[in-house]
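What follows is a set of notes on a single structure, which appears directly below.
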Amino acid sequence: WTAIHSLNELPERYRRYEKEPWYSRGIRIFPIDNRTEERTRKAGLNLWYVIHFDEDTNLEQVAKDLSQVADVAKVQFSHIIQRSYDQLSQDLCINNNPAVLLVFWGTLSGMNDVTHLCFFDIPLISNIPNMVYLAPTCKEEYLAMLEWSIRQNEHPVAIRVPATDVITCGEPVETDYSVLNRYKVTHRGSKVAILALGSFYGLGQSVASLLKEKANIDATLINPRYITGVDNELMDELKADHELVITLEDGVLDGGFGEKIARYYGATNMKVLNFGAKKEFVDRYDIQEFLRANHLTDEQIVEDITAVIG
(Lines give C-alpha, C1' and ligand atoms only; values in the text may rest on other atoms or scores of the structure.)
Protein backbone atom coordinates (compact mmCIF):
# COMPACT_ATOMS: atom_id res chain seq x y z
CA TRP A 1 0.00 0.00 0.00
CA THR A 2 0.97 3.66 -0.10
CA ALA A 3 1.79 6.37 2.40
CA ILE A 4 -1.27 8.30 1.19
CA HIS A 5 -3.78 6.87 3.63
CA SER A 6 -6.88 7.89 1.69
CA LEU A 7 -5.73 5.74 -1.23
CA ASN A 8 -5.84 2.73 1.06
CA GLU A 9 -9.51 3.45 1.74
CA LEU A 10 -10.58 2.93 -1.86
CA PRO A 11 -13.40 0.45 -2.52
CA GLU A 12 -12.77 -3.22 -1.87
CA ARG A 13 -12.49 -4.02 -5.58
CA TYR A 14 -9.12 -2.22 -5.65
CA ARG A 15 -7.73 -4.16 -2.71
CA ARG A 16 -7.68 -7.64 -4.20
CA TYR A 17 -3.99 -7.45 -4.91
CA GLU A 18 -3.13 -10.78 -3.28
CA LYS A 19 -4.93 -12.65 -6.08
CA GLU A 20 -5.94 -10.13 -8.76
CA PRO A 21 -3.75 -7.07 -8.33
CA TRP A 22 -5.01 -3.83 -9.80
CA TYR A 23 -1.73 -2.43 -8.56
CA SER A 24 1.24 -3.91 -6.77
CA ARG A 25 2.05 -0.84 -4.72
CA GLY A 26 2.30 2.92 -4.83
CA ILE A 27 5.86 4.09 -5.42
CA ARG A 28 7.13 7.58 -4.74
CA ILE A 29 8.70 9.05 -7.87
CA PHE A 30 11.27 10.85 -5.71
CA PRO A 31 12.39 8.24 -3.13
CA ILE A 32 12.94 9.18 0.49
CA ASP A 33 16.47 10.45 0.99
CA ASN A 34 17.35 12.10 4.29
CA ARG A 35 19.87 14.31 2.51
CA THR A 36 17.26 15.93 0.26
CA GLU A 37 13.91 15.15 1.91
CA GLU A 38 13.42 18.68 3.24
CA ARG A 39 13.80 20.18 -0.24
CA THR A 40 11.68 17.43 -1.76
CA ARG A 41 8.82 18.16 0.62
CA LYS A 42 9.18 21.91 0.18
CA ALA A 43 8.70 21.43 -3.57
CA GLY A 44 5.77 19.07 -2.99
CA LEU A 45 7.57 16.25 -4.79
CA ASN A 46 6.92 13.85 -1.93
CA LEU A 47 3.30 13.74 -3.13
CA TRP A 48 4.12 12.29 -6.56
CA TYR A 49 3.40 8.58 -6.83
CA VAL A 50 3.45 5.99 -9.58
CA ILE A 51 0.83 3.27 -9.19
CA HIS A 52 1.15 0.01 -11.14
CA PHE A 53 -2.04 -1.84 -11.98
CA ASP A 54 -3.25 -4.88 -13.85
CA GLU A 55 -3.43 -4.47 -17.64
CA ASP A 56 -7.07 -5.60 -17.58
CA THR A 57 -8.11 -2.79 -15.26
CA ASN A 58 -10.56 -0.26 -16.69
CA LEU A 59 -8.48 2.93 -16.86
CA GLU A 60 -11.45 5.26 -17.04
CA GLN A 61 -12.92 3.71 -13.90
CA VAL A 62 -9.56 3.93 -12.10
CA ALA A 63 -9.22 7.62 -13.02
CA LYS A 64 -12.76 8.31 -11.88
CA ASP A 65 -12.28 6.59 -8.53
CA LEU A 66 -8.88 8.15 -7.89
CA SER A 67 -10.24 11.60 -8.67
CA GLN A 68 -12.68 11.12 -5.79
CA VAL A 69 -9.82 10.73 -3.30
CA ALA A 70 -9.25 13.92 -1.36
CA ASP A 71 -5.46 13.65 -1.38
CA VAL A 72 -5.18 13.08 -5.14
CA ALA A 73 -4.73 16.26 -7.16
CA LYS A 74 -4.05 14.78 -10.60
CA VAL A 75 -4.23 11.41 -12.35
CA GLN A 76 -2.01 10.92 -15.42
CA PHE A 77 -1.31 7.66 -17.21
CA SER A 78 2.24 7.08 -18.43
CA HIS A 79 1.15 6.40 -22.00
CA ILE A 80 0.12 10.07 -22.25
CA ILE A 81 3.73 11.08 -21.70
CA GLN A 82 4.88 8.47 -24.20
CA ARG A 83 2.38 9.75 -26.76
CA SER A 84 4.27 13.02 -27.31
CA TYR A 85 7.36 11.07 -28.36
CA ASP A 86 5.24 8.74 -30.48
CA GLN A 87 3.74 11.72 -32.31
CA LEU A 88 7.20 13.01 -33.21
CA SER A 89 8.50 9.60 -34.22
CA GLN A 90 5.49 8.00 -35.89
CA ASP A 91 3.27 10.85 -37.04
CA LEU A 92 6.08 13.06 -38.33
CA CYS A 93 9.42 11.36 -38.79
CA ILE A 94 8.58 7.93 -40.17
CA ASN A 95 6.72 9.55 -43.08
CA ASN A 96 8.97 12.62 -43.33
CA ASN A 97 5.96 14.87 -42.86
CA PRO A 98 7.18 18.48 -43.28
CA ALA A 99 5.79 19.94 -40.10
CA VAL A 100 7.61 22.78 -38.31
CA LEU A 101 8.10 22.71 -34.53
CA LEU A 102 9.28 25.78 -32.63
CA VAL A 103 10.93 24.78 -29.36
CA PHE A 104 10.80 27.65 -26.88
CA TRP A 105 12.89 28.03 -23.71
CA GLY A 106 15.29 25.22 -24.57
CA THR A 107 18.06 26.56 -22.36
CA LEU A 108 19.84 26.23 -19.03
CA SER A 109 18.95 29.87 -18.35
CA GLY A 110 15.19 29.41 -18.53
CA MET A 111 12.80 28.16 -15.88
CA ASN A 112 14.66 26.64 -12.93
CA ASP A 113 11.87 24.77 -11.15
CA VAL A 114 12.59 21.05 -11.04
CA THR A 115 9.22 20.26 -12.64
CA HIS A 116 9.78 22.71 -15.50
CA LEU A 117 13.41 22.20 -16.52
CA CYS A 118 13.82 22.95 -20.21
CA PHE A 119 17.22 21.58 -21.13
CA PHE A 120 16.49 17.93 -21.98
CA ASP A 121 15.04 18.66 -25.43
CA ILE A 122 18.14 17.91 -27.51
CA PRO A 123 18.43 14.23 -26.49
CA LEU A 124 14.68 13.79 -26.94
CA ILE A 125 14.25 15.39 -30.36
CA SER A 126 17.60 15.13 -32.11
CA ASN A 127 17.95 11.34 -32.02
CA ILE A 128 14.77 10.53 -33.95
CA PRO A 129 15.58 9.53 -37.55
CA ASN A 130 14.56 12.03 -40.28
CA MET A 131 14.10 14.91 -37.84
CA VAL A 132 16.07 18.06 -38.67
CA TYR A 133 16.73 20.07 -35.51
CA LEU A 134 18.18 23.53 -36.11
CA ALA A 135 19.93 25.85 -33.66
CA PRO A 136 20.00 29.48 -34.80
CA THR A 137 22.47 31.85 -33.16
CA CYS A 138 20.77 35.19 -33.84
CA LYS A 139 17.53 36.85 -34.95
CA GLU A 140 18.42 36.86 -38.63
CA GLU A 141 19.38 33.19 -38.66
CA TYR A 142 16.24 32.21 -36.77
CA LEU A 143 13.97 34.03 -39.22
CA ALA A 144 15.83 32.55 -42.20
CA MET A 145 15.54 29.03 -40.80
CA LEU A 146 11.86 29.56 -40.07
CA GLU A 147 11.19 30.80 -43.60
CA TRP A 148 13.05 27.85 -45.13
CA SER A 149 11.36 25.29 -42.90
CA ILE A 150 7.89 26.55 -43.82
CA ARG A 151 8.58 26.48 -47.56
CA GLN A 152 10.40 23.12 -47.78
CA ASN A 153 8.52 19.83 -48.14
CA GLU A 154 11.19 17.22 -47.46
CA HIS A 155 11.62 16.93 -43.69
CA PRO A 156 10.03 17.47 -40.31
CA VAL A 157 11.94 20.43 -38.86
CA ALA A 158 12.31 21.64 -35.28
CA ILE A 159 13.92 24.98 -34.47
CA ARG A 160 15.41 25.70 -31.06
CA VAL A 161 14.24 29.29 -30.72
CA PRO A 162 16.98 31.48 -29.16
CA ALA A 163 16.05 31.77 -25.51
CA THR A 164 18.75 33.92 -23.96
CA ASP A 165 19.74 37.38 -25.20
CA VAL A 166 18.48 37.32 -28.78
CA ILE A 167 21.04 39.31 -30.70
CA THR A 168 21.06 40.71 -34.21
CA CYS A 169 24.24 39.80 -36.05
CA GLY A 170 23.87 42.54 -38.65
CA GLU A 171 25.25 40.26 -41.35
CA PRO A 172 23.69 38.32 -44.23
CA VAL A 173 22.80 34.74 -43.34
CA GLU A 174 22.11 31.73 -45.51
CA THR A 175 18.51 31.21 -46.56
CA ASP A 176 18.66 27.61 -47.82
CA TYR A 177 19.28 24.80 -45.32
CA SER A 178 18.29 21.91 -47.56
CA VAL A 179 21.87 20.57 -47.76
CA LEU A 180 21.79 19.03 -44.31
CA ASN A 181 24.50 18.97 -41.67
CA ARG A 182 26.76 21.64 -43.16
CA TYR A 183 28.36 23.67 -40.41
CA LYS A 184 29.47 27.28 -40.88
CA VAL A 185 33.07 28.26 -40.13
CA THR A 186 32.89 31.85 -38.89
CA HIS A 187 36.60 32.18 -38.13
CA ARG A 188 39.38 29.97 -39.42
CA GLY A 189 42.24 29.36 -37.01
CA SER A 190 44.23 26.32 -35.97
CA LYS A 191 45.06 23.98 -33.10
CA VAL A 192 41.67 24.33 -31.33
CA ALA A 193 38.21 24.26 -32.93
CA ILE A 194 35.18 25.55 -31.03
CA LEU A 195 31.77 24.20 -32.05
CA ALA A 196 29.41 26.64 -30.35
CA LEU A 197 25.81 25.50 -30.77
CA GLY A 198 22.87 27.88 -30.93
CA SER A 199 22.51 30.17 -27.95
CA PHE A 200 26.00 29.21 -26.77
CA TYR A 201 27.58 30.77 -29.84
CA GLY A 202 28.23 33.94 -27.85
CA LEU A 203 30.03 31.85 -25.23
CA GLY A 204 32.11 30.38 -28.05
CA GLN A 205 33.11 33.87 -29.18
CA SER A 206 34.11 34.76 -25.63
CA VAL A 207 36.15 31.55 -25.25
CA ALA A 208 37.94 32.19 -28.56
CA SER A 209 38.82 35.73 -27.53
CA LEU A 210 40.05 34.69 -24.07
CA LEU A 211 42.02 31.77 -25.50
CA LYS A 212 43.85 34.18 -27.79
CA GLU A 213 44.55 36.51 -24.88
CA LYS A 214 45.63 33.89 -22.33
CA ALA A 215 47.33 31.25 -24.49
CA ASN A 216 47.96 32.98 -27.82
CA ILE A 217 45.86 30.33 -29.57
CA ASP A 218 43.91 31.49 -32.59
CA ALA A 219 41.01 29.05 -32.43
CA THR A 220 38.65 28.12 -35.23
CA LEU A 221 35.06 29.12 -34.41
CA ILE A 222 32.21 27.12 -35.91
CA ASN A 223 28.44 27.62 -35.90
CA PRO A 224 27.08 24.04 -36.27
CA ARG A 225 23.49 25.12 -37.03
CA TYR A 226 22.33 21.47 -37.26
CA ILE A 227 21.85 19.63 -33.97
CA THR A 228 20.87 16.39 -35.65
CA GLY A 229 23.94 15.57 -37.69
CA VAL A 230 27.70 15.76 -38.15
CA ASP A 231 29.50 17.64 -40.92
CA ASN A 232 31.84 14.77 -41.78
CA GLU A 233 33.77 16.71 -44.41
CA LEU A 234 34.55 19.62 -42.09
CA MET A 235 35.39 17.34 -39.17
CA ASP A 236 37.90 15.54 -41.39
CA GLU A 237 39.43 18.83 -42.54
CA LEU A 238 40.10 19.82 -38.95
CA LYS A 239 42.40 16.82 -38.49
CA ALA A 240 45.05 18.52 -40.63
CA ASP A 241 45.89 21.41 -38.28
CA HIS A 242 43.88 20.97 -35.08
CA GLU A 243 44.65 19.03 -31.91
CA LEU A 244 41.46 19.62 -29.97
CA VAL A 245 37.78 20.10 -30.75
CA ILE A 246 35.45 21.44 -28.06
CA THR A 247 31.67 21.52 -28.16
CA LEU A 248 29.46 23.98 -26.31
CA GLU A 249 25.74 23.28 -25.90
CA ASP A 250 23.07 24.99 -23.87
CA GLY A 251 21.62 21.76 -22.53
CA VAL A 252 22.35 18.40 -20.96
CA LEU A 253 25.42 16.49 -22.18
CA ASP A 254 24.06 12.94 -22.10
CA GLY A 255 22.61 12.11 -25.50
CA GLY A 256 23.36 15.63 -26.70
CA PHE A 257 25.12 17.26 -29.63
CA GLY A 258 28.66 17.05 -28.28
CA GLU A 259 28.58 13.30 -27.90
CA LYS A 260 28.00 12.95 -31.66
CA ILE A 261 31.24 14.82 -32.31
CA ALA A 262 33.16 12.82 -29.70
CA ARG A 263 31.90 9.58 -31.23
CA TYR A 264 32.94 10.69 -34.72
CA TYR A 265 36.52 11.28 -33.58
CA GLY A 266 36.63 8.19 -31.39
CA ALA A 267 39.11 6.18 -33.46
CA THR A 268 41.34 9.15 -34.33
CA ASN A 269 44.02 11.16 -32.54
CA MET A 270 41.76 14.18 -32.18
CA LYS A 271 41.01 15.15 -28.60
CA VAL A 272 37.45 16.26 -27.81
CA LEU A 273 36.02 18.15 -24.84
CA ASN A 274 32.23 18.40 -24.42
CA PHE A 275 30.80 21.27 -22.39
CA GLY A 276 27.20 21.26 -21.22
CA ALA A 277 25.16 20.39 -18.14
CA LYS A 278 25.31 17.23 -16.09
CA LYS A 279 22.25 14.97 -16.34
CA GLU A 280 20.45 15.65 -13.07
CA PHE A 281 17.34 17.20 -11.57
CA VAL A 282 18.09 20.61 -10.11
CA ASP A 283 15.66 22.92 -8.36
CA ARG A 284 15.54 26.70 -7.88
CA TYR A 285 19.16 27.07 -8.88
CA ASP A 286 21.11 30.28 -9.35
CA ILE A 287 22.13 30.29 -13.01
CA GLN A 288 25.62 31.68 -12.44
CA GLU A 289 26.36 29.09 -9.74
CA PHE A 290 24.91 26.39 -11.98
CA LEU A 291 27.11 27.41 -14.91
CA ARG A 292 30.20 27.43 -12.72
CA ALA A 293 29.33 24.02 -11.27
CA ASN A 294 29.22 22.64 -14.81
CA HIS A 295 32.42 24.40 -15.99
CA LEU A 296 30.49 26.63 -18.38
CA THR A 297 32.21 29.98 -17.85
CA ASP A 298 34.70 31.18 -20.44
CA GLU A 299 37.52 31.21 -17.86
CA GLN A 300 36.87 27.60 -16.82
CA ILE A 301 36.63 26.42 -20.42
CA VAL A 302 39.93 28.08 -21.34
CA GLU A 303 41.57 26.49 -18.29
CA ASP A 304 40.29 23.08 -19.37
CA ILE A 305 41.56 23.62 -22.91
CA THR A 306 45.05 24.63 -21.84
CA ALA A 307 45.19 21.72 -19.40
CA VAL A 308 44.66 19.33 -22.31
CA ILE A 309 46.94 20.85 -24.96
CA GLY A 310 49.33 22.92 -22.85
Side-chain angles (χ1 to χ4, degrees), residues 27-37 39-40 42-46 48 50 76 78 81-82 84-86 88-89 101 103-129 131 133-135 158 160-164 194-201 203-204 207 224 226-230 245-266 271-298 300-301 303-305 308:
I27 304 173
R28 254 181 58 165
I29 293 179
F30 299 89
I32 296 175
D33 186 333
N34 292 332
R35 297 170 298 177
T36 59
E37 185 65 13
R39 282 189 302 158
T40 300
K42 185 176 180 181
L45 301 180
N46 61 305
W48 291 25
V50 172
Q76 179 168 295
S78 62
I81 299 172
Q82 178 185 345
S84 61
Y85 184 88
D86 286 347
L88 291 176
S89 178
L101 307 176
V103 181
F104 288 87
W105 288 105
T107 175
L108 304 174
S109 303
M111 291 181 285
N112 65 356
D113 186 286
V114 70
T115 62
H116 291 77
L117 299 177
C118 300
F119 48 78
F120 297 103
D121 59 294
I122 291 178
L124 173 69
I125 298 173
S126 69
N127 294 308
I128 304 176
M131 175 66 76
Y133 199 7
L134 299 174
R160 205 174 198 238
V161 180
T164 51
I194 303 169
L195 276 64
L197 184 70
S199 54
F200 264 15
Y201 182 75
L203 176 61
V207 168
Y226 299 86
I227 305 175
T228 36
V230 176
V245 171
I246 75 164
T247 65
L248 307 175
E249 59 191 297
D250 191 7
V252 68
L253 283 171
D254 289 52
F257 169 76
E259 289 190 347
K260 294 179 174 64
I261 305 301
R263 184 172 63 248
Y264 185 82
Y265 284 122
K271 297 181 176 67
V272 181
L273 291 177
N274 300 140
F275 292 92
K278 178 182 177 182
K279 184 183 72 174
E280 61 179 341
F281 287 117
V282 286
D283 189 28
R284 306 304 207 286
Y285 57 87
D286 176 86
I287 182 58
Q288 297 305 322
E289 292 179 2
F290 184 66
L291 293 176
R292 284 193 294 272
N294 285 277
H295 265 230
L296 287 172
T297 69
D298 52 3
Q300 290 172 316
I301 293 169
E303 288 176 2
D304 290 345
I305 291 172
V308 170

Report task. For residues P123 and D254, determine if any side-chain heavy atom of one lies less than 4.5 Å from a side-chain heavy atom of the other. Result -> no

**Report entry** Partner residues of S109 under the side-chain contact (heavy atoms from CB on, under 4.5 Å) criterion, sequence neighbours left out
**Finding:** T107, T164, I287

Report summary line: Taken in chain and number order and not counting sequence neighbours, the residues that satisfy side-chain contact (heavy atoms from CB on, under 4.5 Å) with F104 are L102, V161

Report task. Show the numbers, then the answer: is there a side chain to side chain contact (heavy atoms under 4.5 Å, CB included) between I305 and V207? Result -> CA-CA 10 Å; I305 291 172; V207 168; 4.1 Å; yes

Query raised in the report: Got I246 and D304 here, is their nearest side-chain heavy-atom distance under 4.5 Å?
Result: no

Query raised in the report: Hey, does Y85 have a side-chain heavy atom less than 4.5 Å from the side chain of I128?
Result: yes

Query raised in the report: Donor-acceptor pair, S126 side chain versus I122 backbone, under 3.5 Å?
Result: yes

**Report entry** salt bridge (Lys or Arg N to Asp or Glu O under 4.0 Å) involving D121 - partner list, sequence neighbours excluded
**Finding:** R160

**Report entry** Donor-acceptor contact present, side-chain N127 to main-chain G255, <3.5 Å
**Finding:** yes

Report task. Give the C-alpha distance, both sets of side-chain angles, the deciding distance and a yes or no for side chain to side chain contact (heavy atoms under 4.5 Å, CB included) between L108 and N294. Result -> CA-CA 11 Å; L108 304 174; N294 285 277; over 6 Å; no

**Report entry** ring-ring contact (aromatic ring centres under 6.0 Å, His included) partners of F120, counting only residues at least two apart
**Finding:** none

Query raised in the report: With no hydrogens and no angle check, is any side-chain donor or acceptor of D250 less than 3.5 Å from a backbone partner on S199?
Result: no

Report task. Mark yes or no for whether T297, through its side chain, and R292, through its backbone, hold a donor-acceptor pair below 3.5 Å. Result -> no

Query raised in the report: Can you tell me how far CG of N274 sits from CG of L248, rounded to the nearest 0.5 angstrom?
Result: 9.5 Å

Requested in this report: Walk me through it: do L101 and L88 pass the test side chain to side chain contact (heavy atoms under 4.5 Å, CB included)?
Outcome: CA-CA 10 Å; L101 307 176; L88 291 176; 3.3 Å; yes

Query - Check: N112 side chain, Y285 main-chain N or O, donor-acceptor pair, under 3.5 Å - result: yes

Report summary line: Across all chains, not counting sequence neighbours, the side-chain contact (heavy atoms from CB on, under 4.5 Å) partners of R263 are K260

**Report entry** For D113, all residues meeting salt bridge (Lys or Arg N to Asp or Glu O under 4.0 Å), sequence neighbours excluded
**Finding:** R284

Report task. Give me the one residue out of F119, F275, F257 that meets side chain to side chain contact (heavy atoms under 4.5 Å, CB included) with E249. Result -> F257

